[in-house]
Amino acid sequence: MIFTAKRALVTGGAQGIGLAIAEKLAAEGLQVIITDVNGPMAAEQAEHLSRKFRRSCASVKMDVSDREEVDAAAAFIRESHGPVDVLVNNAGICYPARALDEITEEEWLRVFRINVLGMVNCVNAFVGPMKEKQFGKIVNMASSSGFTGGISVSASYAVSKAGVMALTKNMAKQFGAFQINVNALSPGIIASAMTADLTYDMDTLALPRFGEVADVANLAAFLASDEASYLTGTTVDINGGLYMR
Ligand SMILES: NC(=O)c1ccc[n+]([C@@H]2O[C@H](COP(=O)([O-])OP(=O)(O)OC[C@H]3O[C@@H](n4cnc5c(N)ncnc54)[C@H](O)[C@@H]3O)[C@@H](O)[C@H]2O)c1
């Protein structure tokens, strides 16, 4: 793939889909910064990628829902590494399906703080240098549940991911004049810690298997590449035909 971007930051990059995206972008030659609420695991994975690709890969402990921590991380990263060209807003949490009246207010607020406000915090903290450079790529992690309303997940999660899609459109309109592309991807069921306990009838999918984290990483890298330069404000499905629009 062709990349003008030199440096990428992935939130929630210590495992699962985020780690696969970090690995793919490192393989494509970008300097990658892994951030995660789990600082030690992010550091361990950054070291692993540095050794694997013989290229410096950094890590910073960053809880996306903590605005002060995100702002401090952004200042530190700019000072010690330089501006971030690609921001992958991947961090997210999910609660299992339950009756609407069993979802606590605490759950609603926690999911919203991490899955939606977390993205806002990160974009506010990292978009400044992109605007100055008149170049940037923002990739947001939505979910098929944002379209379906959720199959085996809580309404709190489905609603948060529908919010991500709307947020993506809003950001695309705000930042397009600065040559910043903002897109989302919408995975179906991907094998990761998040879906470890999930049982699902695979025969209902056109491609009857769970997706791999690398499937999502390939699409995320494409959205961050020069090859997707006329794509913005869109949400791309990657779901093996779980549903078709
Ligand atoms: N796995 C799937 O089937 C699937 C499907 C659709 C969308 N997604 C989305 O993809 C993203 C990654 O999912 P995954 O399957 O890799 O999950 P995962 O649970 O394996 O990984 C999530 C990562 O995010 C980190 N994280 C959690 N809260 C955080 C916070 N407040 N700040 C920073 N980091 C935080 C975790 O420590 C973890 O490393 C999520 O946004 C998820 O909603 C996953």
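Worth saying up front: this structure is predicted, and the values here are computed from it rather than measured. Side chains are part of it too, since the values below use all heavy atoms of this structure and drop only hydrogens, waters and symmetry mates. One-based numbering, in listed order, for ligands and for the atoms of each.
Residue M194 approaches ligand 1 through these ligand atoms, each under 4.0 Å from one of its heavy atoms: 13 (O), 15 (O), 17 (O), 42 (C), 43 (O), 44 (C). Residue-ligand proximity, A91 to ligand 1, at heavy-atom distances under 4.0 Å covers atoms 33 (C), 34 (N), 35 (C), 41 (O). Close approach of ligand 1 to I114 (heavy-atom distance below 4.0 Å) involves ligand atoms 31 (N). The ligand atoms of ligand 1 that sit less than 4.0 angstrom from a heavy atom of T195 are 1 (N), 2 (C), 3 (O). Near I189, the atoms of ligand 1 lying under 4.0 angstrom from a non-hydrogen atom of the residue are 3 (O).
Heavy-atom distances between R113 and ligand 1 stay at or above 4.0 Å for every pair. Look at G13 and you'll find every heavy atom at least 4.0 Å from all atoms of ligand 1. Residue D63 places a heavy atom less than 4.0 Å from ligand 1. Ligand 1 has Y157 within reach: a non-hydrogen atom of the residue lies less than 4.0 Å from it.
The backbone and the side chain of P187 each have at least one atom closer than 4.0 Å to an atom of ligand 1 (non-hydrogen atoms only).
Protein heavy atom in closest approach to atom 14 (P) of ligand 1: S192 OG, 3.6 Å. With respect to atom 20 (O) of ligand 1, the closest heavy atom belonging to the protein is Q15 NE2, 2.9 Å. The nearest heavy-atom contact from the protein to atom 28 (N) of ligand 1 is I93 CG2, 3.7 Å.
When the heavy-atom distances from atom 25 (C) of ligand 1 to T35, D36, V64 are ranked, the shortest goes to D36.
Polar contact with ligand 1: absent for S144 (N/O pair, distance under 3.5 Å). Every N/O-N/O distance between S143 and ligand 1 stays at or above 3.5 Å.
Applying the side chain to side chain donor-acceptor pair (under 3.5 Å) test between T168 and each of N140, N183, T234, N89 identifies N140 as the sole match.
Shown here is R7, whose CZ atom has more than 12 heavy atoms of other residues, nucleotides or ligands within 6.0 Å.
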